[in-house]
**Q** 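Mind having a look at this structure? Questions to follow.
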Amino acid sequence: AGMKFFLQYLGFFFAFFSAAFLIISTWTDCWMVNADDSLEVSTKCRGLWWECVTNVFDGIQTCDEYDSIYAEHSVKLVLTRAMMITADLLSGFGFLFLVLGLDCVKFLPDEPLIKLRICLVSGVMLLLAGLPGITGSVWYAVDVYVERSSLLFHNVFLGIQYKFGWSCWLGMAGSLGCFLSGSLLTCCMYLFRETSSGRFHSAYSLRKGYSSAATVVTNVHLPSSQTATSKMYAVDTRV
């Protein structure tokens, strides 16, 4: 039981921070940051939804949102948005399911098998959340790196060159955390399935034994007159 609680809380810890990292990564503005810090007087960050410029000297930040969600954007931007939003939803629902499946939460306290299945469903959802999250963040980072390397290789200088920023790193960390928590809740928690089912069947057998014993005791304590009357009635019925 102690090992089961430890795995639940460890999975809860990773699921909480993983979902938070994915959501923060999706809605922050530093997926790309300018790489020429020594030459610039401002830091330029690009996110999935807007672009921000921060002055190095006074710290004033100005942000410009992209035209519209339906405007013509690059394939990299549109697909990364879709994959990160999918990862956010799956990880969020997976975390909520995990909260309901914890043994310390008073939800279906007399149904250990159902709570265990809730934890397994939560683990599957977290594993599924890690897939689009890691795909979107790594693909975005690789695309930025390839674009910058190709410009340097061809000696093309456009004034601003970007590298992937902390939002992209946060997306990778959240996706890896989803894989870790999902693995804990599916592979490791599955080992306790036989134990929980055995306890359930033993408790059911014990209750059934109690009911059978009560029936026998009731029949034993029947008065002899009632027993004789029932025998006579059975004889008359056969005749």
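Along the sequence shown, the residues carry numbers beginning at 1. Note that this is a predicted model, so its numbers are computed, not measured.
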**Q** Write down the atom of Lys44, the atom of Asn34, and the distance for their closest heavy-atom approach.
**A**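 The pair with the smallest heavy-atom distance is N-OD1, 2.9 Å.
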**Q** Tell me the closest heavy-atom pair linking Cys119 and Leu98, and the distance in Å.
**A**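 Taking Cys119 first and Leu98 second, the nearest heavy atoms are SG-CD1, 4.3 Å.
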**Q** Checking Trp166 now: which residues fulfil ring-ring contact (aromatic ring centres under 6.0 Å, His included) with it, not counting sequence neighbours?
**A**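 Per chain and number, Trp166 pairs via ring-ring contact (aromatic ring centres under 6.0 Å, His included) with no residue.
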**Q** Any idea which heavy atoms bring Val99 and Val105 closest together, and the distance?
**A**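 Minimum heavy-atom separation between Val99 and Val105: O-CG2, 3.1 Å.
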**Q** Is Cys63 close enough to Cys52 that their SG atoms are under 2.5 Å apart?
**A**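 Cysteines Cys63 and Cys52 qualify as a disulfide pair, their SG atoms being under 2.5 Å apart.
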**Q** Going by the rule ring-ring contact (aromatic ring centres under 6.0 Å, His included), which residues pair with Phe93 if we only count those two or more places apart in sequence or in a different chain?
**A**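 Testing Phe93 for ring-ring contact (aromatic ring centres under 6.0 Å, His included), a comparison that skips the adjacent residues, returns none.
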**Q** So, Ser18 side chain and Cys178 main chain: donor-acceptor pair closer than 3.5 Å or not?
**A**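 At least one qualifying donor-acceptor pair exists.
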**Q** To the nearest 0.5 Å, what is the distance between OG on Ser175 and CG on Leu170?
**A**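 These two atoms lie 9.5 Å from each other.
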**Q** Please list all pairs meeting salt bridge (charged side-chain N to carboxylate O under 4.0 Å, His left out) that have one or both residues in residues 118-145, counting only residues at least two apart or in different chains.
**A**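 Counting only pairs at least two positions apart or across chains, the salt bridge (charged side-chain N to carboxylate O under 4.0 Å, His left out) contacts touching residues 118-145 are Lys76-Asp143.
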**Q** Same hydrophobic cluster for Leu102 and Phe13, using side-chain heavy-atom links shorter than 4.5 Å among ILVMFWY?
**A**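 Yes, Leu102 and Phe13 fall within the same hydrophobic cluster.
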**Q** CE/Met32 to CG/Leu48 distance, rounded to the nearest 0.5 angstrom?
**A**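 CG of Leu48 is found 11.0 Å from CE of Met32.
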**Q** Taking ring-ring contact (aromatic ring centres under 6.0 Å, His included) as the definition, give me every residue that meets it alongside Phe95, ordered by chain and number, with sequence neighbours left out.
**A**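 Counting only residues at least two positions away or on another chain, Phe95 forms a ring-ring contact (aromatic ring centres under 6.0 Å, His included) with Phe12, Phe16.
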**Q** Identify each donor-acceptor pair in which a side-chain atom of residues 125-133 lies under 3.5 Å from a protein atom, sequence neighbours left out, and give them as a table.
**A**
none

**Q** Which residue pairs satisfy the side chain to side chain donor-acceptor pair (under 3.5 Å) criterion with at least one member in residues 21-32, sequence neighbours excluded?
**A**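 The answer is Thr26-Asp88, Thr28-Ser167.
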**Q** Please find the pair of heavy atoms, one from Leu77 and one from Gly47, that lie closest to each other, and give the distance.
**A**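 Taking every non-hydrogen atom into account, CD1-O, 4.1 Å.
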**Q** About how many Å separate CG of Leu22 and CD1 of Ile85, when rounded to the nearest 0.5 Å?
**A**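 Rounded to the nearest 0.5 Å, the CD1-CG separation comes to 12.5 Å.
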**Q** Is there a path of hydrophobic side-chain contacts, each under 4.5 Å between heavy atoms of I, L, V, M, F, W or Y residues, that connects Val146 with Ile134?
**A**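 Same cluster.
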**Q** With sequence neighbours excluded, what pairs up with Tyr9 under the ring-ring contact (aromatic ring centres under 6.0 Å, His included) test?
**A**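 Residues passing ring-ring contact (aromatic ring centres under 6.0 Å, His included) with Tyr9: none at all.
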**Q** Applying side chain to side chain donor-acceptor pair (under 3.5 Å) as the test, list every pair that has at least one member in residues 126-139; sequence neighbours left out.
**A**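 Sorted result for residues 126-139: empty, none.
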**Q** Under the side-chain contact (heavy atoms from CB on, under 4.5 Å) test, which residues partner Ala173, sequence neighbours left out?
**A**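 Expected list: Phe21.
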**Q** What residues form a side-chain contact (heavy atoms from CB on, under 4.5 Å) with Ile114, not counting sequence neighbours?
**A**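 With neighbours one apart ignored, the set is Leu108, Glu111, Ile118.
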**Q** Could you tell me the separation between the CZ atom of Phe6 and the CG atom of Leu184, rounded to the nearest 0.5 Å?
**A**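 Reported to 0.5 Å precision, the distance equals 8.5 Å.
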**Q** Out of curiosity, Ser122 OG to Leu100 CG, how far, rounded to the nearest 0.5 Å?
**A**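 Between Ser122 OG and Leu100 CG, I get 9.5 Å after rounding to 0.5 Å.
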